[in-house]
Amino acid sequence: MDKIPVIEVENLTARFGDDTIFAGVSFQVFKGEILVILGGSGCGKTTLLKHLIGLYRPPTGRILINGVDVNSRSAKKLRKLRMDFGVLFQSGALFGSMTLAENVALPLQEYTDLSPAAIGSVVKMKLGLVSLAGYENHLPEEISGGMQKRAGLARAMALDPTVLFFDEPSAGLDPITSVELDNLIKAINAGMGTTMVIVTHELQSIFNIAHRVVMLDKSAKGIIAMGDPKDLKEHSPDLRVTSFFNRQPLEAKEVSA
Amino acid sequence: MKPAKKLPAQHAIGVKGEPGQEITLTLSGRLALDNLSALQAELQSRLEQLRPAGLTVDLAGLEYLDSAGALALIQLQGESQARAIPCRLLNLSEEARRILDLIDPETLTRPPLIPEERVTGFMDQLGEASIRFASDLVQVITFLGDLLTSLWYVLLHPRSVRWGDVLFYMKRAGVDGLPIIGLIGLLLGLILAFMSSLQLKQFGANIYVASLLAVAMVQELGPIMTAILVAGRSGSAFAAEIGTMKVNEEVDALVTMGFDPVRFLAIPKVLASMLVVPLLTVYATLFGLLGGLIIGVLGLDLTVYSYVTESQRAIELFDILSSLVKSVVFALLVAGIGCQRGFQVRGGAEAVGSATTSAVVAGIFLIIVTDSAFALVLHYIR
């Protein structure tokens with residue numbers, strides 16, 4: 001893998017009021033890589049993701065995607081940046097009053113000058129990519145949760161972004177649907193070379209798709225491990241890391257040790 | 001491949017070979033989303049102009065290909081296939097091959113499982129609207145029945161009412177509404193007295209401004225205006241609240257826990273409204289009369305005493321009581337329709353919005369219809 005950094009996080013701090021969620025977080029995501037952000041509940045995974053996509057403005061630190069600061073004040077830069085990444089939200093976040101085709105067409109209508117026919121063909125292709133061919137005229141409420149996520153993914157990929165962010169893609173899905181979604185994520189990563197950042201705590205998913213993981217911890221208020229998940233599971237000197245990967249609560253481990 | 005995105009957004013198509021013969025198209029540069037329309041149109045027209053016996057697409061000069069570019073290539077292959085022209089892609093890079101493999105050509109032509117909504121004629125729409133209206137009417141009546149049986153149950157078992165909720169909604173619908181209802185009552189009284197005084201002055205009948213205003217405010221405007229304001233303030237809020245709970249499956253949770261959603265959610269709101277709206281009506285009427293008094297005293301040189309006695313003479317106890325009964329019925333309708341519209345919500349945010357609108361519109365409609373019924377009945381009772 002060529003190591004071109006696509007996302008650069010430098011010395012990032014997140015705060016809610018006086019509460020510091022994490023501080024001094026720095027890492028890079030390289031081109032074509034699937035990076036998983038993981039950690040126990042409340043460690044700030046989702047907060048970090050919301051910082052990465054520019055929904056939260058950090059008190060200190062900065063985040064660059066393809067060299068552009070996500071908190072840039074230039075509307076032109078932000079517009080270009082928003083075309084460069086897509087986000088799949090936890091619930092899919094499809095617009096309930098629009099059909100799937102209209103949902104996927106939305107970014108195409110906003111950001112390109114394509115004719116309606118061309119947009120129609122791209123929409124059909126994107127829905128086909130996520131195995132939803134034929135569902136153009138369905139409303140989100142008429143399809144299952146797994147299908148809603150795939151439709152959300154089709155919308156996130158509408159503009160062929162260089163980066164895709166996923167918030168808990170397997171949350172609320174049965175194991176088989178969840179594996180199917182993971183395989184779809186892997187296929188898109190392999191086929192289009194899209195860089196992916198995924199927030200999840202599903203171990204099975206992590207070992208299946210992650211090239212590299214960044215592990216956050218609540219008490220450490222920052223990153224406690226970074227690297228290949230299988231390596232970390234076997235060789236990490238940090239008990240917090242190995243206990244997470246081996247599905248053992250920390251206390252029990254300490255008692256037996 | 002991605003850094004190529006910064007290059008100028010251009011593609012070039014070269015043609016080798018004679019029309020009707022074996023043709024080689026060389027596609028180079030950038031095949032991407034932003035030039036998809038142009039690319040599709042050009043490829044289509046080349047195919048039609050050249051009518052090749054065989055087609056080879058040389059992609060050696062390709063700098064950037066995204067899924068939209070791949071789509072154009074697959075469409076070209078499909079188009080050639082439809083015209084029985086053998087088509088092959090040459091010099092395909094590994095990366096481009098992977099993107100092409102991702103797209104399943106069959107999905108591009110698969111018809112939608114739900115056909116697009118057809119445009120219907122006037123008669124169809126009229127028919128659909130009538131059916132919708134009829135079923136809506138049935139639903140409203142059913143809900144009213146539910147509501148009345150629940151109210152009857154509550155009357156027999158007053159301890160089953162969530163009185164904390166009732167107090168909360170009494171505050172929301174009543175106390176919080178006092179400023180706006182007082183203000184509008186006062187202004188209505190001022191306007192009405194002023195406009196009628198302009199007419200009555202001509203006949204020297206200034207003193208009748210007081211009786212006109214008293215009759216109008218007590219019998220009609222007080223109850224109607226208050227009910228309309230409550231429909232706008234609280235009926236809509238009830239619809240939005242219950243509608244959102246419906247969307248979030250909270251109503252389903254109540255049902256599975258064995259609660260009757262009507263008794264749990266609607267009764268406190270309806271009871272609170274029925275208790276508070278008559279009080280608001282009295283309050284609004286008093287402010288309306290005060291507005292009339294201000295005009296009478298300042299503009300028509302009446303004394304406060306003569307204005308008040310004239311007002312008293314114009315209204316009887318029966319008028320006040322009937323107006324209170326009216327306001328209780330209005331409250332039942334407005335709060336009831338608000339809750340009913342909320343329970344009707346299916347789907348998402350948009351459905352909540354339309355339920356809220358519909359709660360206000362249907363509420364005002366019911367107020368006016370019921371008021372006409374009251375006018376008739378009261379006329380004969382009196």
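Protein chains get the first letters and strands the later ones, always in sequence-line order, with residue 1 at the start of each.
Between the side chain of B:Ser37 and the backbone N or O of A:Ser115, at least one donor-acceptor pair lies under 3.5 Å.
With a 4.5 angstrom heavy-atom cutoff, A:Leu108 touches chain B only via side-chain atoms.
Ranked by heavy-atom pairs shorter than 4.5 Å toward chain A, the options B:Arg110, B:Glu106, B:Arg97 are led by B:Arg110. Looking only at heavy-atom pairs under 4.5 Å with chain A, the residue among B:Leu36, B:Leu71, B:Thr109 that has the most is B:Leu71. Of the listed residues A:Leu132, A:Asp113, A:Leu129, the one with more heavy-atom pairs under 4.5 angstrom with chain B than any other is A:Leu129. Counting heavy-atom pairs closer than 4.5 Å to chain B, the top-ranked of the candidates A:Ser131, A:Ser121, A:Ala187 is A:Ser121. Interface summary for chain B: among A:Ala101, A:Ala133, A:Pro140, A:Gly128, the most heavy-atom pairs under 4.5 angstrom belong to A:Ala133. Chosen from B:Ser67, B:Ala41, B:Gly348, B:Ala72, the residue pairing most often with chain A at heavy-atom distances under 4.5 Å is B:Ser67.
When all heavy atoms are compared, the tightest approach of A:Ala118 to B:Gln40 is CB-OE1, 3.4 Å. Shortest non-hydrogen contact noted between A:Ala190 and B:Arg98 is O-NH1, 3.0 Å. Of all heavy-atom pairs spanning B:Ile114 and A:Asn137, the tightest one is O-ND2, 2.8 Å.
Expressed to the nearest 0.5 Å, how far CD of A:Glu142 lies from CG of B:Leu113 amounts to 11.0 Å. Rounding to the nearest 0.5 Å gives a distance of 11.0 Å between OG1 of A:Thr112 and CG of B:Asn35. To the nearest 0.5 angstrom, B:Asp66 atom CG is 10.0 Å from A:Thr194 atom OG1. Interatomic distance, B:Asp34 CG to A:Leu114 CG, rounded to the nearest 0.5 Å: 8.0 Å.
Counting non-hydrogen atoms of neighbouring residues, nucleotides and ligands closer than 6.0 angstrom, the CD atom of B:Gln81 reaches no more than 12 such neighbours. The number of heavy atoms from other shown groups lying within 6.0 Å of CZ (B:Phe365) does not exceed 12. A 6.0 Å sphere centred on CD of B:Gln139 holds more than 12 heavy atoms belonging to other residues, nucleotides or ligands. By the 6.0 Å contact criterion, CZ on B:Arg88 is open, its count of non-hydrogen atoms from other residues, nucleotides or ligands being 12 or less. Annotation for A:Ile176: atom CD1 does not count as buried by contact number, only 12 or fewer foreign heavy atoms lying within 6.0 Å. In this structure, B:Gln44 places its CD atom where more than 12 heavy-atom neighbours from other residues, nucleotides or ligands lie under 6.0 Å away. Within a 6.0 Å radius of CD in B:Gln125, other residues, nucleotides and ligands contribute more than 12 heavy atoms. For A:Tyr135, the OH atom counts as loosely surrounded, since its 6.0 Å shell holds 12 or fewer non-hydrogen atoms of other residues, nucleotides or ligands.
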Applying side chain to side chain contact (heavy atoms under 4.5 Å, CB included), run through A:Met125 and B:Ile74 and close with a yes or a no. CA-CA 10 Å; A:Met125 180 257 291; B:Ile74 288 175; over 6 Å; no
Going through the distances and angles, do B:Thr107 and A:Leu127 end up as a side chain to side chain contact (heavy atoms under 4.5 Å, CB included)? CA-CA 8 Å; B:Thr107 60; A:Leu127 285 175; over 6 Å; no
